[in-house]
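Notes for the one structure printed next.
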Amino acid sequence: MFPQYDVIVVGAGHAGCEAAHAAAKMGASVLLCTMNMNTIAQMSCNPAMGGVAKGQIVREIDALGGMSGIISDKSMIQFRMLNRSKGPAMWSPRSQNDRMRFAEEWRLALENTPNVDFWQEMVSGLVVKDNRVIGVKTGIGLEIKAKSVVLTNGTFLNGIIHIGEKQFGGGRTGEAAAKGITEQLVSLGFEAGRMKTGTPPRVDGRSLDFTKMEIQHGDENPEKFSFSDETLPLNNQRPCWITYTNKEVHETLETGFDRSPMFNGRIQGLGPRYCPSIEDKINRFAERERHQIFVEPEGWNTVEIYVNGFSTSLPEDVQYKAMQKIPGFENAKMFRPGYAIEYDFFPPTQLKLTLETQLVENLYFAGQINGTTGYEEAASQGLIAGINAALKVNENEPFLLKRSDAYIGVLIDDLINKGTEEPYRMFTSRAEFRLLLRQDNADLRLTHLGHKIGLADDKRLEKTLDKKDETAKLINDLKQKRLAPEQINEGLEEFETATIKEKITIEKLLKRPQMGLEKIMELDEDIKIYLSKYPKEVLEQAEIQIKYESYLLKEQQMVEKLSNMEDFKIPLSFDYLSIPALSAEGKQKLHKIRPDTLGQASRISGVSPADLSILTVYLGR
């Protein structure tokens, strides 16, 4: 009934969709297995993409040739660039999306990708022979052969949904949990754990009083995620709103604490530290009189509203009473209550940097199965797992991103070397080279790598090379072009920056903290005409590279200094246990994680500088 596939992807969430698309685009034959064809790329939680550090990941996925950026652009209802008041390392794109259109666009994209087949059914187990995966088993007893398998099970592995004292099996509300895979993997020697996440109630927008809330518009000149010409920025946007909880809301919520699965011990899994439930917030931050609630539309035409900031697993009657005490929600009608969900995950220290498991060859894990939270983190892992599964099938070198290459590299390096005991979320603070890893230069960093493996097409590469060349030309011109005092002194006074006594290059002027290219264009008409010839992204790129030149140089030098350790390979068969001088913890961690390089070994939690020195001596021998 089925041919042998190069890659079988289990699960069609954000990780599964990126994995299937990437592997197929690189020429592999792919089967995407999902329990429900109608929930492909479902936005299980908030209808949004990007945000702080997450927006950088979406841009990186796009630069490599993935689809999350394009799908986000096509289904976007609002765009905002967060942190504009801070430096460019912190700028983070974020979109509100139409939930139904997002899922539809992903499904259409996959259906239009040659080499992708679909199968709707639960995968109940793997076919493993001699520590190598050779296929999957389905709920109705089918065996489908494959050269590699990517597991992207999300919250479905033995998922349990909690609403107050009620609990029932499920991977998402209205959908069954997946059984069998965890038990088989544990029997093969894998370590498993439990995690928890949650979601807020959804309400009827027609029942809300938006006049009692603060309106939150999108950017005046919205951008987009994708560097390609396939999508356009929005010319019309839907607003969001902000309101706040209060003392009455908190007191009402507290009446349900005795029935809360979080507080009475029924939930064992750890939840996301940086996205706590409303009951957790008022319990942990009792001194706070109010908490922000973001009121987000679920799409262009639907009345459904996502109550961001009100994630909860309290009994539905308590949720409802408390919500009606929020300004603007006095007459709110609930579509469905919030809930918590517990699910199985596998500590990611059991993986290689390619996301292939150490115990079973050709088996890859991506997304929440690795202990992460968030669509963007999942999608980036799916992309890397799909790429590496396709490469390995064709006996090609693996595709790895270093910490200095991308946020995706930071994410995977953190997971494999440090592991995670709570749902892992990306932040700019996790990236030590964040000034190099900006959202605006993801194409300059990564598109040539995506093109090399056959994921980013020729058109994308050409566009990136044009941007690079134009930026270099503009920077060179700004270093040459000089402005005279009589041309600009009046304008400099207006901008409250020092006037000049002799000619100055635009580059030197641009390095002043008060000055940007937009202001310089206002100083002189000829300069305005000249600079207006360049696209916005080239002007932005040139300005950032000139303004932050010394800082960028320092980070680049740090990268080069550390790259010697990254290039120092450690044989896979290296016997750490035979080195008596290593600390007991160092031996244990190195033996378990089996780092590829000395650089990776240096980042493993528990490996001391002394262990590293000893390891260097032994490797030198």
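Along the sequence shown, the residues carry numbers beginning at 1.
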Looking only at side-chain N and O atoms, does [Y] offer a donor or acceptor that is under 3.5 Å from a partner on [X]?
{"X": "Asn441", "Y": "Gln541", "result": "no"}
{"X": "Asn388", "Y": "Tyr364", "result": "no"}
{"X": "Lys392", "Y": "Asn362", "result": "yes"}
{"X": "Asn97", "Y": "Ser95", "result": "yes"}
{"X": "His451", "Y": "Asp457", "result": "no"}
{"X": "Ser44", "Y": "Arg172", "result": "yes"}
{"X": "Ser68", "Y": "Glu18", "result": "yes"}
{"X": "Asn370", "Y": "Tyr424", "result": "no"}
{"X": "Gln350", "Y": "Thr357", "result": "no"}
{"X": "Ser226", "Y": "Asp62", "result": "yes"}

Enclosure of [X] [atom1] (heavy-atom neighbours >12, cutoff 6.0 Å):
{"X": "Asp130", "atom1": "CG", "result": "no"}
{"X": "Lys554", "atom1": "NZ", "result": "no"}
{"X": "Glu421", "atom1": "CD", "result": "no"}
{"X": "Lys145", "atom1": "NZ", "result": "yes"}
{"X": "Tyr551", "atom1": "OH", "result": "no"}
{"X": "Lys463", "atom1": "NZ", "result": "yes"}
{"X": "Gln480", "atom1": "CD", "result": "yes"}

May I ask you to decide whether [X] forms a salt bridge with [Y], counting only side-chain N to carboxylate O separations under 4.0 Å?
{"X": "Lys473", "Y": "Asp469", "answer": "no"}
{"X": "Asp596", "Y": "Lys569", "answer": "no"}
{"X": "Glu432", "Y": "Arg403", "answer": "yes"}
{"X": "Lys74", "Y": "Glu230", "answer": "yes"}
{"X": "Glu111", "Y": "Arg107", "answer": "yes"}

Can Glu462 and Lys467 be said to form a salt bridge (Lys or Arg N to Asp or Glu O under 4.0 Å), step by step? CA-CA 9 Å; Glu462 270 174 49; Lys467 177 178 170 181; over 6 Å; no
Are [X] and [Y], when compared by the centres of their aromatic rings, separated by less than 6.0 Å?
{"X": "Tyr407", "Y": "Phe433", "value": "no"}
{"X": "His591", "Y": "Tyr576", "value": "no"}
{"X": "Phe345", "Y": "Tyr343", "value": "no"}

Is the terminal nitrogen or CZ of Arg59 (NZ for Lys, CZ for Arg) located under 6.0 angstrom from the six-membered ring centre of Phe227 and within 45° of that ring's axis?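 Yes.
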Lys NZ or Arg CZ of Arg84 over Trp91 ring: under 6.0 Å, within 45°: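 Output yes; distance and angle both within limits.
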Roughly how far apart are [X] [atom1] and [Y] [atom2], rounded to 0.5 Å?
{"X": "Leu444", "Y": "Gln545", "atom1": "CG", "atom2": "CD", "value": "7.5 Å"}
{"X": "Leu437", "Y": "Leu401", "atom1": "CG", "atom2": "CG", "value": "10.5 Å"}
{"X": "Lys592", "Y": "Ile604", "atom1": "NZ", "atom2": "CD1", "value": "11.0 Å"}
{"X": "Leu64", "Y": "Ile453", "atom1": "CG", "atom2": "CD1", "value": "6.5 Å"}
{"X": "Leu436", "Y": "Leu553", "atom1": "CG", "atom2": "CG", "value": "10.0 Å"}

Is a side-chain N or O of [X] found less than 3.5 angstrom from the main chain of [Y], in a donor-acceptor match?
{"X": "Lys547", "Y": "Leu510", "result": "yes"}
{"X": "Lys589", "Y": "Val607", "result": "no"}
{"X": "Arg94", "Y": "Gln78", "result": "no"}
{"X": "Arg445", "Y": "Asp405", "result": "yes"}

Do you know which two heavy atoms are closest between [X] and [Y], and how far apart they sit?
{"X": "Ala431", "Y": "Val410", "answer": "CB-CG2, 4.1 Å"}
{"X": "Phe102", "Y": "Ala41", "answer": "CD2-O, 3.6 Å"}
{"X": "Val7", "Y": "Ala23", "answer": "CG2-CB, 4.1 Å"}
{"X": "Arg132", "Y": "Val360", "answer": "C-CG1, 4.0 Å"}
{"X": "Met49", "Y": "Phe225", "answer": "O-CZ, 3.6 Å"}
{"X": "Gly171", "Y": "Thr155", "answer": "O-OG1, 2.6 Å"}

Between Gln56 and Ser92, is the side chain to side chain donor-acceptor pair (under 3.5 Å) condition met? List the steps. CA-CA 6 Å; Gln56 281 85 328; Ser92 303; 3.3 Å; yes
Test of understanding: with ring pair (Phe, Tyr, Trp, His ring centres under 6.0 Å), list the residues that count as partners of Phe156, not counting sequence neighbours.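 Checked Phe156 against ring pair (Phe, Tyr, Trp, His ring centres under 6.0 Å); zero matches.
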With respect to Asp413, which candidate in Arg603, Arg430, Lys402, Gln600 satisfies the side-chain hydrogen bond (donor to acceptor under 3.5 Å, both in side chains) definition?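 Result: among Arg603, Arg430, Lys402, Gln600, Arg603 is the only option passing the side-chain hydrogen bond (donor to acceptor under 3.5 Å, both in side chains) with Asp413.
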Run Thr420 and Met195 through side chain to side chain contact (heavy atoms under 4.5 Å, CB included) and show every step you take. CA-CA 11 Å; Thr420 186; Met195 278 191 178; 4.1 Å; yes
For the residue pair Phe365 and Phe346, categorise the inter-ring angle as parallel (less than 30°), tilted (30 to 60°) or perpendicular (more than 60°).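 The rings of Phe365 and Phe346 sit tilted, inter-plane angle from 30° to 60°.
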If the plane angle is over 60° it's perpendicular, under 30° parallel, otherwise tilted; pick one for His21 and Trp106.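 Ring orientation, 0 to 90° scale: perpendicular.
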Any chance you could lay out the side chain to side chain contact (heavy atoms under 4.5 Å, CB included) test for Lys54 and Arg425, step after step, and finish with the verdict? CA-CA 9 Å; Lys54 292 165 174 277; Arg425 179 179 179 177; 3.5 Å; yes
Decide yes or no on side chain to side chain contact (heavy atoms under 4.5 Å, CB included) for Leu411 and Glu377, but give the supporting numbers first. CA-CA 8 Å; Leu411 168 72; Glu377 289 89 342; 4.1 Å; yes
Give the intermediate values and the outcome of salt bridge (Lys or Arg N to Asp or Glu O under 4.0 Å) for residues Lys352 and Glu356. CA-CA 5 Å; Lys352 300 174 185 175; Glu356 183 184 18; 3.5 Å; yes
Using the rule given for side chain to side chain contact (heavy atoms under 4.5 Å, CB included), can you reason through Leu188 versus Val128, listing the C-alpha separation, both sets of side-chain angles and the distance that settles it, and then say yes or no? CA-CA 9 Å; Leu188 289 166; Val128 178; 4.1 Å; yes
Any Leu185 side-chain heavy atom under 4.5 Å of Leu363 side chain: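 The answer is yes, as the side chains (C-beta and beyond) meet within the 4.5 Å cut-off.
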What residue among Ile412, Leu391, Ile416, Leu400 forms side-chain contact (heavy atoms from CB on, under 4.5 Å) with Thr354?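 Output: one option passes, namely Leu400.
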